[in-house]
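Letters A, B, ... mirror the listed sequences (proteins, then strands); counts begin at 1. No hydrogens, no waters, no symmetry mates; every other heavy atom, side chains included, goes into these values.
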2 protein chains.
Amino acid sequence: MPSSQNSRRRSREDVADTALRLLDEYGLPDLTMRHIADALGVRPSALYWHFPNKQALLAAVSERIIAPVLDTRVDTLPPRDALIALGSGLRERLLAYRDGAELVSSSLALGLAESPVRPRLAAVARRAGISADLSRIAADTVTHFVVGYVFHEQQRQQADSLGLLAPREGLTPAAAVAAHDDALGGDFRAALLMIVDGFDASTGHDSAAPPRLCEG
Amino acid sequence: MPSSQNSRRRSREDVADTALRLLDEYGLPDLTMRHIADALGVRPSALYWHFPNKQALLAAVSERIIAPVLDTRVDTLPPRDALIALGSGLRERLLAYRDGAELVSSSLALGLAESPVRPRLAAVARRAGISADLSRIAADTVTHFVVGYVFHEQQRQQADSLGLLAPREGLTPAAAVAAHDDALGGDFRAALLMIVDGFDASTGHDSAAPPRLCEG
DNA sequence: ACCTGAACACCGTTCAAGT
DNA sequence: ACCTGAACACCGTTCAAGT
């Protein structure tokens, strides 16, 4: 019942909260230990009581970004729709913060953060009758693809907003950006559909499997 | 005929060559302008005559890493095998240098380097009867997947070599690392097959397409 | 338990000036 | 054309010392 036990954890979470706010406001390159400390009204060295180093702090921020994807309920959906919903849900979370995909990509790659989507993707694949091994691979494939795709998407957004947008005839810059974003979202769904449908087609493949693509 | 015209370009290439060597030897975090200048026997500020900034220098290094994938001949292969060969060829190039995937991923995302594999992937897809729009998406999907996958793969390799390897019963550490690498290579092929087979299954899909995955 | 003060060993980049 | 010298404005991290 005493609150003394919670005071330490609240501090740690305050640091992550502030870092997430600064990320969205100023971007990953400006998310320095010094800026985070300034925003907290504290000295940079104080952060090292809460986190062993900067990567660990960034991992905590990563987990905050992707955690809400667990709110997406997919139990009642058919497997194909469930995989699309999880992939799109992850994309939405990454798009919700500036440089979200780059930050999460790095934390996942370093093994410092865990994607909550991965086990759920694998569970859906197993529910669809795919083997345990292939389900694990499928989950990694979708995760890799979504993170990589949104990484690229956000870099383009940033390049566009810096005025590097190639002008298109008959469109205001703002309209061109919007059209571009819509096209990217459509492309994302199409590509995700390809991958998901590939799970079905590849079930039980071996190295001597016949070619499945139609011939030119 | 006089060589004076070439002296400038050779200098620029010398810088990129040296940077590539240092990347493989010491890794991306230690690939600083100061270290590159030291290795060339020159002052850091001298590099800014050859490249406008560090990102541009890194983009030149990226293009050196992926350029040799053009040596992979796929004209005579059936489309499915051609896509697998291009994807595996790109993976090999990224694995050939330390932190290769991370460097190339960043340069591609920033739009500072172009993947020579992308147009070739799209050409193979078109040859297989896929529409131009979907072929472009397919090429991006494979490129994103390969780069993201190898990025993760190399981070794991580095984590393992730093002794963070979870010990497995009855294996020497070296044997465990080798087994792990083999498993990753096998997983890569399986995942790439999934994606490639998805191209076939998704051809001509629309938003009202029926679910294709078998029900659980 | 939580933070300060002060230092250490670095970064990328600019720019006048040299040759 | 190509490079130096010197500076500017930063980094992440450590650690004794404070409270």
Side-chain angles (χ1 to χ4, degrees), chain A residues 1-20 22-23 25-62 99 102-103 106-107 109-110 112 158 162, chain B residues 1-20 22-23 25-62 99 102-103 106-107 109-110 112 158 162:
Chain A
M1 307 86 189
S3 62
S4 63
Q5 200 180 1
N6 287 352
S7 65
R8 175 226 282 215
R9 289 188 57 202
R10 206 165 69 79
S11 276
R12 217 187 114 98
E13 280 163 19
D14 282 347
V15 175
D17 272 345
T18 301
L20 182 54
L22 292 181
L23 171 72
E25 213 160 338
Y26 304 108
L28 188 56
D30 285 332
L31 190 63
T32 68
M33 298 299 265
R34 288 168 144 89
H35 287 161
I36 297 166
D38 279 352
L40 286 162
V42 112
R43 287 308 169 91
S45 50
L47 300 176
Y48 290 83
W49 192 90
H50 299 283
F51 297 93
N53 50 50
K54 188 184 181 183
Q55 294 281 10
L57 199 165
L58 294 185
V61 176
S62 291
D99 294 338
E102 183 174 0
L103 175 60
S106 152
S107 294
L110 291 168
L112 296 173
Q158 192 173 334
L162 287 175
Chain B
M1 303 86 189
S3 62
S4 63
Q5 200 179 4
N6 288 351
S7 65
R8 175 224 284 215
R9 288 188 58 202
R10 206 166 67 80
S11 274
R12 219 186 113 97
E13 281 163 18
D14 282 347
V15 175
D17 273 345
T18 301
L20 183 54
L22 292 181
L23 171 73
E25 213 160 338
Y26 303 108
L28 188 57
D30 286 332
L31 191 62
T32 68
M33 298 300 265
R34 289 168 142 91
H35 287 163
I36 296 166
D38 279 352
L40 285 162
V42 110
R43 286 303 164 99
S45 51
L47 300 176
Y48 290 83
W49 192 90
H50 300 283
F51 297 94
N53 50 50
K54 189 183 181 184
Q55 294 281 11
L57 199 164
L58 295 185
V61 177
S62 290
D99 295 337
E102 184 175 0
L103 175 60
S106 152
S107 293
L110 291 168
L112 297 173
Q158 192 173 334
L162 287 175

*Asks:* Rounded to whole angstrom units, what separation is found between the CZ atom of A:Arg12 and the P atom of C:dA1?
*Replies:*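 Interatomic distance, CZ of A:Arg12 to P of C:dA1: 16 Å.
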
*Asks:* Is a side-chain N or O of A:Ser106 found less than 3.5 angstrom from the main chain of A:Glu102, in a donor-acceptor match?
*Replies:*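 No, A:Ser106 side chain to A:Glu102 backbone: no donor-acceptor pair under 3.5 Å.
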
*Asks:* Mark yes when over 12 heavy atoms from residues, nucleotides or ligands other than B:Tyr26 sit less than 6.0 Å from its OH; otherwise mark no.
*Replies:* no

*Asks:* When the distance from CG of B:Leu47 to P of D:dA1 is rounded to whole Å, what number comes out?
*Replies:*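 Going from CG in B:Leu47 over to P in D:dA1 covers 19 Å.
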
*Asks:* I'd like the C1' distance from C:dC10 over to D:dA9, given in whole Å.
*Replies:* 13 Å

*Asks:* Calculate the interatomic distance between B:Leu40 atom CG and D:dT4 atom P; express it in whole Å.
*Replies:* 10 Å

*Asks:* Supply the atom-to-atom distance A:Leu28 CG to A:Leu58 CG, rounded to the nearest 0.5 angstrom.
*Replies:*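 Those atoms lie 6.5 Å apart.
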
*Asks:* Assess whether side-chain contact (heavy atoms from CB on, under 4.5 Å) is satisfied between B:Leu47 and B:Leu40, documenting all intermediate values.
*Replies:* CA-CA 10 Å; B:Leu47 300 176; B:Leu40 285 162; 3.9 Å; yes

*Asks:* Once Watson-Crick and G-U wobble pairs under 3.5 Å are found, how is DNA chain C written in dot-bracket notation, 5' to 3', with | for any base paired to another strand?
*Replies:* ||.|||||...|||||.||

*Asks:* Taking the C1' atom in each of C:dC2 and D:dA17, what is the distance between them to the nearest angstrom?
*Replies:*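 Their C1' atoms lie roughly 13 Å apart.
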
*Asks:* Would you compute the distance between atom CG of A:Asp38 and atom CG of A:Leu22 and round it to the nearest 0.5 angstrom?
*Replies:* 9.5 Å

*Asks:* Taking for each residue the nucleotide of DNA chain D bearing the nearest heavy atom, is the 5' side occupied by B:Gly41 or by A:Pro52?
*Replies:*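 Closest to the 5' end, via its nearest nucleotide, is B:Gly41.
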
*Asks:* Pair A:Leu20, A:Leu23 - check side-chain contact (heavy atoms from CB on, under 4.5 Å), show working.
*Replies:* CA-CA 5 Å; A:Leu20 182 54; A:Leu23 171 72; 4.2 Å; yes

*Asks:* Strictly below 4.0 Å: does B:His50 bring a side-chain N or O up to OP1 or OP2 of D:dC3?
*Replies:* yes

*Asks:* Backbone N or O of B:Ser11 within a donor-acceptor pair of the B:His50 side chain at under 3.5 Å?
*Replies:*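 Side chain of B:His50 to backbone of B:Ser11: no pair is present.
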
*Asks:* Between D:dC2, C:dA6, D:dA6, spot the one nearest the side chain of A:Ser45, thanks.
*Replies:* C:dA6

*Asks:* A:Phe51 has an atom CZ; how far is it from atom P of C:dA1, in whole Å?
*Replies:*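 These atoms are roughly 17 Å apart.
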
*Asks:* At less than 4.0 Å, is any side-chain N or O atom of A:His35 found next to OP1 or OP2 of D:dC10? Yes or no.
*Replies:*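 Checking D:dC10 against A:His35, no side-chain N or O comes under 4.0 Å of OP1 or OP2.
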
*Asks:* For a quick test of reading the model: is some side-chain N or O of A:Arg34 closer than 4.0 Å to OP1 or OP2 of D:dC10?
*Replies:*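 A:Arg34 to D:dC10 OP1/OP2: no side-chain N or O under 4.0 Å.
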
*Asks:* Please report, rounded to the nearest Å, how far the P atom of D:dC11 is from the CE atom of A:Met33.
*Replies:* 12 Å

*Asks:* What nucleotide among D:dC3, C:dT13, D:dC15 has an atom nearest to a side-chain atom of B:Ala46?
*Replies:*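 Of the candidates, D:dC3 comes closest.
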
*Asks:* Could you state the atom-to-atom distance from CG of A:Leu31 to P of D:dC11 in whole Å?
*Replies:*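 Computing the A:Leu31:CG to D:dC11:P distance gives 11 Å.
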
*Asks:* Is any side-chain N or O of B:Thr32 closer than 4.0 Å to OP1 or OP2 of C:dC11?
*Replies:* yes

*Asks:* Whole-Å distance between C:dG12 P and B:Ile36 CD1?
*Replies:*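 Going from B:Ile36 (CD1) to C:dG12 (P), I get 8 Å.
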
*Asks:* Say you pick atom C1' in D:dC11 and the same atom in C:dC8; how far apart are they, in whole Å?
*Replies:* 12 Å

*Asks:* Atom OH of A:Tyr48 and atom C1' of C:dG5: how far apart are they, to the nearest Å?
*Replies:* 16 Å

*Asks:* Find the distance between CZ (A:Arg34) and CD1 (A:Ile36) and round it off to the nearest 0.5 Å.
*Replies:*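 That separation rounds to 12.0 Å.
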
